2 protein chains.
Amino acid sequence: MTRVLVVDDDAQILRALRINLAARGYQVLTAVDGTAALTAAADAPPDVVVLDLGLPDLDGTEVIAGLRGWTQVPIIVLSARTDSHDKVDALDAGADDYVTKPFGMAELLARLRAAVRRASVGQVDGDPVVVTATFTVDLAAKRVRRGDAEVHLTPTEWGLLEQLVRNPGRLVGQKQLLREVWGPAYTRESNYLRVYLAQLRRKLELDPAHPRHLITEPGMGYRFEP
Amino acid sequence: MTRVLVVDDDAQILRALRINLAARGYQVLTAVDGTAALTAAADAPPDVVVLDLGLPDLDGTEVIAGLRGWTQVPIIVLSARTDSHDKVDALDAGADDYVTKPFGMAELLARLRAAVRRASVGQVDGDPVVVTATFTVDLAAKRVRRGDAEVHLTPTEWGLLEQLVRNPGRLVGQKQLLREVWGPAYTRESNYLRVYLAQLRRKLELDPAHPRHLITEPGMGYRFEP
DNA sequence: GTCCGGGCTCAGAGTCGGCTCAGAGTCCGC
DNA sequence: GCGGACTCTGAGCCGACTCTGAGCCCGGAC
């Protein structure tokens with residue numbers, strides 16, 4: 001469960017955030033001033049901090065600095081100040097995001113999700129890959145593996161596969177494929193597609209005669225089925 | 001140098017951003033529509049993307065999804081829409097931040113700094129020394145050892161090796177290598193690559209004719225295999 | 001049943017990209 | 001001004017990739 005530390009001296013806002021966050025399955029911790037926030041965070045490190053800038057005891061940037069001294073937890077700043085100077089200060093002090101009051105709850109929640117997602121992807125280091133039952137495609141590294149073995153693809157084969165994999169489950173038209181891989185002058189050479197799709201299937205499919213992931217849609221185009 | 005890809009169909013904004021970013025030491029790449037943005041990013045991966053939502057060809061969330069399919073690069077969305085619904089959609093699609101037009105340049109720059117800082121903390125991992133079976137590369141000290149002996153590299157050789165070693169296991173395109181080592185005017189001189197890769201292999205590989213770490217991907221680029 | 005169009009497979013020809021080597025040009029330090 | 005290192009260029013060779021054409025299969029139309 002994701003733990004959110006909400007820091008605000010306004011009981012109204014605290015209440016509203018507590019209810020909304022709890023309803024969405026977050027575990028909510030609260031603090032009403034800067035020192036309480038710092039001790040609470042040190043006590044039980046949260047996954048994300050929502051921090052109001054107008055605290056009674058400490059300046060907002062001090063709280064941010066206090067947290068940043070030892071943790072990279074995402075910090076979303078709330079503030080009534082719309083002055084760009086305040087925003088710049090808070091962000092440069094180490095905040096991740098800055099939302100001005102009055103704020104929409106939907107937007108705040110979306111920014112919260114974005115911050116948490118970002119923090120969590122940073123932990124797993126691997127490249128994002130598309131996986132099927134028989135092969136895996138690493139779009140960033142431009143690599144394809146089938147089981148343990150690396151599969152070598154030619155530029156054309158890779159271009160074709162990339163187009164299909166970038167639209168998982170969706171039908172990609174013949175013209176579109178031809179345009180993206182061969183260029184706009186080749187949109188009628190649909191036989192190229194047949195030849196190279198056959199090669200891809202031979203390299204990637206378990207049973208090339210009955211493909212399960214690189215599907216032909218007769219007369220229309222092709223589809224990659226994850 | 002931090003590379004920023006700015007995507008906007010408004011020439012005014014493109015110009016303003018280019019000037020402001022370049023003045024602060026960023027390297028600026030631009031694209032005027034979604035497909036150009038996706039190919040530009042695949043061609044030369046930027047460190048951060050500034051993306052306008054109102055593009056002529058693709059929907060903003062499609063561009064975000066297209067990037068998120070293979071990279072975790074920070075995406076800052078620009079938009080004239082203030083509707084919270086749009087913000088939620090963009091953030092949930094994978095954007096990192098959402099700035100509404102008209103925006104203050106100081107604020108945008110601060111959010112940009114925040115996004116880049118965040119992305120860079122995860123990367124610092126470990127020592128800047130890359131080790132393979134036959135040689136070791138110390139990126140910080142700019143030294144290469146092969147067994148006990150120090151190997152001397154010329155500036156060009158080093159630039160090439162550095163690019164490859166900084167992307168271990170990943171394919172680095174010919175254009176990208178040429179741009180990074182020789183400059184943007186040389187992106188077609190792929191014979192340079194052959195000559196210098198051959199030299200590197202002669203200096204570093206056990207069997208230069210059958211390289212195990214500096215791999216050619218015909219028609220696409222080269223790959224460093226740790 | 002026959003015809004026809006779209007799709008699959010296979011094999012061969014031509015081209016293109018990649019490797020190697022050697023030599024000329026250029027830049028820098030002494 | 002000289003020497004040496006570095007960078008660039010060109011030629012020959014080779015292998016791989018791309019394209020093309022022919023034959024075959026399948027399903028639908030007549």
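Chain letters run A, B, ... following the sequence lines, proteins first, then strands; residues in each count from 1. Excluded from the calculations below are hydrogen atoms, water molecules and symmetry mates; all remaining heavy atoms, backbone and side chain alike, are included. Since this is a predicted model, take the numbers as computed values, not measurements.
Gln174(B) comes within 4.0 angstrom of the backbone, heavy atoms only, and of no base. At a threshold of 4.0 angstrom between heavy atoms, the contacts of Thr216(A) are confined to the sugar-phosphate backbone, with no base atom among them. Heavy atoms of Tyr196(B) sit under 4.0 angstrom from at least one base atom.
Between Leu197(B) atom CG and dT7(D) atom P the separation is 14 Å, expressed in whole Å. The interatomic distance linking His210(B) (NE2) with dC19(C) (P) rounds to 12 Å, in whole Å. For the pair Leu153(A) CG and dA16(D) C1', the interatomic distance rounds to 14 Å; values are reported in whole Å. Trp158(B) has its CH2 atom 19 Å from the C1' atom of dT7(D), to the nearest Å. When rounded to the nearest whole Å, the span between CG of Leu200(B) and P of dT7(D) equals 11 Å. Here the P atom of nucleotide dC19(D) and the OH atom of Tyr192(A) are 5 Å apart, to the nearest Å. Summarising the geometry, the separation between OH on Tyr186(B) and C1' on dT9(D) is reported as 13 Å, rounded to the nearest angstrom. Atom pair Leu160(A):CG and dT18(D):P shows a separation of 11 Å (rounding to whole Å applied).
You'll find the side chain of Val32(B) stays beyond 4.5 Å of the side chain of Asp8(B), heavy atoms only.
Side-chain nitrogen and oxygen atoms of His152(B) include at least one within less than 4.0 Å of the OP1 or OP2 phosphate oxygen of dC6(D).
The side chain of Thr154(A) sits closest to dC17(D) out of dC19(D), dC17(D), dG18(C).
Other residues, nucleotides and ligands place more than 12 heavy atoms under 6.0 Å from the CD atom of Glu150(B).
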